[in-house]
Amino acid sequence: MRPALLFCLAVVLSGQARAASELSAAVKNDYDHRLAAMFDWFHRHPELSYLETATAARMARELRRVPGMTVTEKVGGTGVVGVLRNGEGPTVLIRADMDGLPIKEASGLANASTAVQVGIDGVESPVMHACGHDTHITALLGTATRMASLKKDWHGTLVFVVQPAEERIAGARKMLEDGLYTRFPKPDYALAFHVDADSPTGALIADPGIVGSSSDTIDIIVHGVGAHGASPQQGKDPIVMGAEIVLALQTLVSREISPLSPGVVTVGAFHSGSKHNIISDRAVLQLTVRSDDEAVRKVLLDGIKRIAENVGRMNGMPEDRLPEVNLAVESTPVTLNDPALTARMRAVFVRTFGDETLKSQPRTGMGAEDFAYFVQPELGVAGFYFNVGGTPQAAFDAARAGGPAVAGHHSARFKIDPEPSIRLGIEAMTVAALDLLKPASAD
């Protein structure tokens with residue numbers, strides 16, 4: 001390489017390093033003077049899905065403090081949308097989810113939640129942020145602050161989405177149904193991140209392909225004919241029919257989809273009867289169904305309906321009393337990272353943070369994410385979803401040495417190290433947005 005080219009490359013790399021250092025220092029200052037206290041408040045005041053009124057109000061108030069931000073509340077229920085315009089250019093959506101979970105916190109933290117709330121099901125429960133959504137919304141505010149201060153470096157529009165009810169995988173769809181892509185600028189790109197208790201702080205996981213399985217919640221209502229337990233011939237036992245359905249459902253994964261295509265059909269609850277010697281007239285099965293592509297998803301959903309109805313027929317139930325298969329609104333498609341966008345964002349992360357920061361985390365389950373709704377193929381929005389490490393390496397080392405295991409998501413003992421998680425989340429999201437919105441002359 002010619003000396004002149006080497007010199008130019010050195011200047012460029014030096015400028016990138018300086019910009020990254022300045023961003024890190026600014027985010028650190030934001031965290032120390034504002035965001036740490038904000039995270040503490042969010043962690044102490046979690047709210048259940050669809051009921052995030054105080055959280056949404058606080059997020060709206062804080063977003064309005066960002067110069068130039070236009071804020072709209074009550075989008076899709078408790079959702080909040082902030083729009084920051086800066087001339088002509090692409091539109092980038094940045095999403096953070098905000099709901100907590102009905103779990104009594106046992107993290108041992110000084111700011112552990114003591115909140116109690118009546119959910120939409122009418123049940124009073126303790127509430128905690130057991131999945132890090134307090135981290136996500138704090139980082140979104142930090143990203144908005146940084147992007148507003150860096151307007152000289154980008155052109156276009158940012159749409160900040162504070163989403164309700166991710167834990168019920170329904171909030172994203174409700175925001176879209178309420179006009180997220182028609183009342184507000186429709187994005188060219190949609191970005192989101194999740195703090196990851198299973199990865200060390202300082203790590204970014206930005207893998208291409210699947211980042212979340214599809215998830216469908218299904219209720220099967222099995223109708224029967226009640227009778228005395230000593231005279232079963234006079235009734236039609238819904239418990240027996242339900243048991244036959246449970247066993248038959250296991251063949252969907254083992255015999256109807258390829259062994260190379262993952263799928264899960266789990267019956268999580270089976271409710272029927274009230275007394276030892278009474279044959280009930282009704283049973284209810286509650287299922288969760290997971291897959292990694294829409295073709296497999298269809299096979300599983302169609303198969304559940306076919307099996308349930310035909311078990312009813314096999315037991316002599318009339319056509320108007322066959323088992324009912326009801327698909328709940330708490331369902332989401334597969335979440336896929338756009339290949340080209342993912343490659344571009346990975347390159348940005350490597351340039352900014354170095355090769356050692358970018359990790360790969362093998363999937364260990366079929367968790368789901370309703371971010372998928374924002375980036376469905378027919379919408380034409382490229383999506384990128386990444387993870388930020390949340391647990392100090394020392395905790396993993398201690399666990400391997402026989403110490404306490406690192407608590408996972410949705411555990412009462414869940415906890416992450418907020419400062420490095422939030423700061424890296426802000427920095428990663430900021431450099432991603434800056435790259436997507438950089439002026440044409442900067443290419």
Side-chain angles (χ1 to χ4, degrees), residues 102 121 123 167-170 210 212-334 363-368 408-410:
D121 55 4
V123 177
E167 296 296 356
R168 288 182 173 267
I169 51 175
I210 295 171
S213 298
S214 70
S215 175
D216 293 286
T217 300
I218 294 176
D219 293 327
I220 302 177
I221 301 171
V222 183
H223 300 289
V225 177
H228 195 294
S231 304
Q233 77 281 4
Q234 296 178 358
K236 295 289 185 183
D237 194 336
I239 293 179
V240 171
M241 285 187 274
E244 291 173 332
I245 291 171
V246 171
L247 291 176
L249 290 177
Q250 309 313 304
T251 65
L252 284 173
V253 172
S254 66
R255 290 296 178 268
E256 295 199 31
I257 64 174
S258 167
L260 302 179
S261 298
V264 168
V265 179
T266 293
V267 180
F270 189 152
H271 303 284
S272 186
S274 60
K275 198 174 185 299
H276 303 74
N277 61 349
I278 299 175
I279 293 175
S280 176
D281 62 359
R282 174 185 167 99
V284 178
L285 309 181
Q286 296 177 322
L287 285 65
T288 187
V289 182
R290 309 293 172 110
S291 70
D292 277 354
D293 68 66
E294 292 303 302
V296 170
R297 185 186 186 196
K298 186 176 189 307
V299 169
L300 296 178
L301 295 180
D302 289 349
I304 290 167
K305 182 176 176 63
R306 183 189 74 242
I307 286 171
E309 290 180 349
N310 282 308
V311 164
R313 292 188 178 101
M314 183 178 69
N315 282 273
M317 295 299 294
E319 289 296 308
D320 63 347
R321 296 278 291 164
L322 295 179
E324 300 174 36
V325 178
N326 299 319
L327 180 64
V329 296
E330 296 176 4
S331 296
T332 186
V334 176
R363 295 173 69 214
T364 57
M366 299 188 77
H409 296 253
H410 293 213

For E330, which residues count as a salt bridge (charged side-chain N to carboxylate O under 4.0 Å, His left out) partner, sequence neighbours excluded?
R168
N315 side chain to M317 backbone, donor-acceptor under 3.5 Å
no
Positive for side chain to side chain contact (heavy atoms under 4.5 Å, CB included) with I218, one of N326, L285, V289, V267:
V289
Could you check whether any side-chain N or O of S214 sits under 3.5 Å from a backbone N or O of S291, counting only pairs where one atom can act as donor and the other as acceptor?
yes
Who passes salt bridge (charged side-chain N to carboxylate O under 4.0 Å, His left out) against E309, sequence neighbours left out?
K305
Could you list the residues that satisfy side-chain contact (heavy atoms from CB on, under 4.5 Å) with L247, not counting sequence neighbours?
none
Taking salt bridge (charged side-chain N to carboxylate O under 4.0 Å, His left out) as the cut-off, I'd like each qualifying pair that reaches into residues 213-225, sequence neighbours left out, listed once.
D216-R297
Nearest atoms (heavy-atom pairs only) where S272 meets I239:
OG-CG1, 3.3 Å
So, using salt bridge (charged side-chain N to carboxylate O under 4.0 Å, His left out) as the criterion, who are the partners of R313 when residues are at least two apart?
E319
For T332, give me all partners under side chain to side chain donor-acceptor pair (under 3.5 Å), at least two apart in sequence or on another chain.
none
Nearest 0.5 Å, please: how far is NE2 in H271 from OG in S280?
12.5 Å
Atom pairs and distances, donor-acceptor, side-chain atoms in residues 220-235, under 3.5 Å, two or more places apart:
| from | atom 1 | to | atom 2 | distance (Å) |
| --- | --- | --- | --- | --- |
| H223 | NE2 | E324 | OE2 | 2.6 |
| H228 | ND1 | A230 | N | 2.8 |

Residues G312 and M241: closest non-hydrogen pair is CA-SD, 4.2 Å
Contact summary for A283 and F270, nearest pair of heavy atoms
CB-CE2, 4.0 Å
Could you tell me which residues satisfy salt bridge (charged side-chain N to carboxylate O under 4.0 Å, His left out) with D281, sequence neighbours excluded, listed by chain and number?
none
Determine the minimum heavy-atom distance between D292 and S213, stating which atoms define it.
OD1-OG, 2.7 Å
Heavy atoms only: give me the nearest V325-A308 pair and the separation to one decimal.
CG2-CB, 3.7 Å
How would you list, by chain and number, every residue that makes a ring-ring contact (aromatic ring centres under 6.0 Å, His included) with H409, sequence neighbours excluded?
H194, F414
Between the CD1 atom in I307 and the CD1 atom in I245, the distance rounded to the nearest 0.5 Å is 9.0 Å
Those residues that, when tested against T288, pass side-chain contact (heavy atoms from CB on, under 4.5 Å) (two or more places apart)
S215, T266, R290
Considering only residues two or more places apart or on different chains, which pairs with a residue in residues 248-268 satisfy salt bridge (charged side-chain N to carboxylate O under 4.0 Å, His left out)?
E256-R306
For V334 against D293, the heavy-atom pair lying closest together
CG2-N, 3.7 Å
Pick one: which of L249, T251, V246 meets side chain to side chain contact (heavy atoms under 4.5 Å, CB included) with V265?
L249
Sub-4.5 Å side-chain heavy-atom contact between M366 and P262
yes
Pairs satisfying salt bridge (charged side-chain N to carboxylate O under 4.0 Å, His left out), at least one member in residues 229-252, at least two apart:
none
Side chains of I279 and P238: does their closest heavy-atom pair fall under 4.5 Å?
yes
